[in-house]
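Some notes on the structure that comes next.
Index from 1, following the sequence.
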Amino acid sequence: MTAARRLWSWFDAVVLDLGRQMRWSFLPPLMVYFAAGAQGLTAVVGTFFVKEYLDVSAAFIAGLAFWAGLPWALKMPLGHLVDLIWRWKAWLIYLGAALIAASFAIMYGLATRADWMPGIMSVTAWYVLAVILAPCGYVVQDAVADAMSVEAVPRHHESGAPLSDEAQRAQHTTMQTLGRFALIGGASAVAALNIILFDGIETLAPAEKAARYGQIYALALLIPCISISGVLLAGWQKRRIIARLTASGMDRVRALAAFDPEGEKVRLNHWYFTGGAVFVAMTLTVGLMDLPFSQEIVFAGSMAIVLTLMRQLVRNLDQAHARALIGTAIIVFMFRAMPLNGAASTWFDIDVLGFDQQFLSLLYLITSVLTLVGMVVLRPLIASRTIADIVILLTLAAGVLSLPGIGLYYGVHHWTAALTGGIVDARFIAIVNTAVESPLGQVAMIPMLAWIARNAPANLKATFFAVMASFTNLALSASSLGTKYLNQIYTVTREVRAEDGTITVPADYSQLGYLLMTVAAITVIVPLITVWLVQQSRFKSRD
């Protein structure tokens, strides 16, 4: 076989085959996932809004990220609710859209300096409310999207004959892969749009710049409309398929059943709602009382609740599958729980390296686009390797890819620019590093999502998705806590000026290098030890 034929064979098997497996029924949940990815439209403007208009520390931002991540723990009762109200689950999409729209509307008001807002509460308080509302809306929509992704996989041929189990399993895997595609595709689209929106913003006066920020938040109000459109499309497709099945001779009751989970009728399990109620009560109590170590208390309580519900969940699996699921969840949790550099690193990029809004948008675009490419190219690896193998590879890659960021802090770009006539400067290194690193972030979750889609009981798909997502998303809360601790140990401050231009807080990036190196070391060592311990135990992950 010639090299050209082998290349075409690989392209056909890896890229074109994914397109052949696409079904129109997949489109509605993909639209909801796309909307979730499109929230990145406000990521860059949010970073600059905080830096330019809020006098808060990097540790405060990391702490706020912790609270913003907690609504995802509510995906547990939401997932079970979706299973219980399967035929009416679309109404939750409308609720999520309203919460997301409220978040963007608040930020629009803050950016355009709405006169009435400071009279009710401070700008910082409004910002915190907006940051909390958005994930509440997205978690509601995500719980429904997971259920829609199960419903989107057809069970019958157009003739009405049932599909084989093997065909359904393959399409579930494809659906989950395309779901990640839609998520990153939304991020790619808005990153490209940001490059256009931020063109020339560095030359604008402060008032004009604020107006541009407001325009972006106003544009973001279209994002909830995308997910609502997905629900409307799903309803139209459902009516069309029911009409086709009844026309083929199937009675209407059986045709409607094609959109319901198979197996036993879903029974109310109070544990999921009790756990959710305890979580809300605990979070509100600890938050309102402003207790010391409030975030740690909420995290520990949330973990206890999620582990209790996971115990309820694994009872629906045989012992071998239950142990494999636990081992897999532990590995993915520790991989996602690693601390990040935090806002301090971005502030250094802006203040010292001179990265502006448009360039940061370009980096977001590169990340998103190459993540899509990487997911296609790495699809055979995902299919042929265990999750443990994938996490090992991603961990080692993360360690290597942390080196350019550390090098930029210590001025390696000055040396490379001098050697290359200014070509390999800070921006060149940042682009290359982003291009190499970007495909790796989403890869670890795909095998786990496909595992759930294949092995979870058909009548509890949404519940399984929700509980496992809550567990792995708690890892992001752990990551935020770790980020906060490291930013408290290694204190970094950005320059803050009063309205008259007087410097009130001087910039101090002297400890940023230690922060970057500590994060890199933890990111490599902890996941590798976790994989080794799990694979030596009875919870060894083989899938």
Which pair of non-hydrogen atoms, one from [X] and one from [Y], has the smallest distance, and what is that distance?
| X | Y | answer |
| --- | --- | --- |
| I223 | A35 | CG2-O, 3.3 Å |
| T395 | P527 | OG1-CB, 3.5 Å |
| L481 | E296 | CD2-OE2, 4.1 Å |
| L515 | Y490 | CA-CD1, 3.8 Å |
| Y409 | Y509 | OH-O, 2.6 Å |
| G482 | P339 | C-CB, 3.7 Å |

Any donor-acceptor pair under 3.5 Å from [X] side chain to [Y] backbone:
| X | Y | result |
| --- | --- | --- |
| N487 | T483 | yes |
| Y217 | I106 | no |
| W126 | M117 | yes |
| T530 | M334 | no |
| S227 | V32 | no |

Answer yes or no: is there a side-chain heavy-atom contact under 4.5 Å between [X] and [Y]?
| X | Y | value |
| --- | --- | --- |
| L340 | S479 | yes |
| L95 | W91 | no |
| S302 | L474 | yes |

Residues passing the ring-ring contact (aromatic ring centres under 6.0 Å, His included) test with F333, sequence neighbours excluded, are F471
[atom1] of [X] to [atom2] of [Y]: how many Å apart, nearest 0.5 Å?
| X | Y | atom1 | atom2 | result |
| --- | --- | --- | --- | --- |
| L110 | T124 | CG | OG1 | 9.5 Å |
| M107 | S103 | CE | OG | 7.5 Å |
| L486 | T491 | CG | OG1 | 11.0 Å |
| R311 | L307 | CZ | CG | 11.0 Å |
| I390 | F335 | CD1 | CZ | 10.0 Å |
| I132 | Y127 | CD1 | OH | 10.0 Å |

Over 12 non-hydrogen atoms of neighbours within 6.0 angstrom of OH in Y108: no
For Y485, is the OH atom crowded, meaning more than 12 foreign heavy atoms sit under 6.0 Å from it? yes
Pick from V492, L512, L516: which one makes a side-chain contact (heavy atoms from CB on, under 4.5 Å) with N341? L516
Under 3.5 Å side-chain donor-acceptor pair for D142 and Y33: no
CA sep, side-chain torsions, deciding dist, call: I100, L133, side chain to side chain contact (heavy atoms under 4.5 Å, CB included): CA-CA 7 Å; I100 295 167; L133 280 177; over 6 Å; no
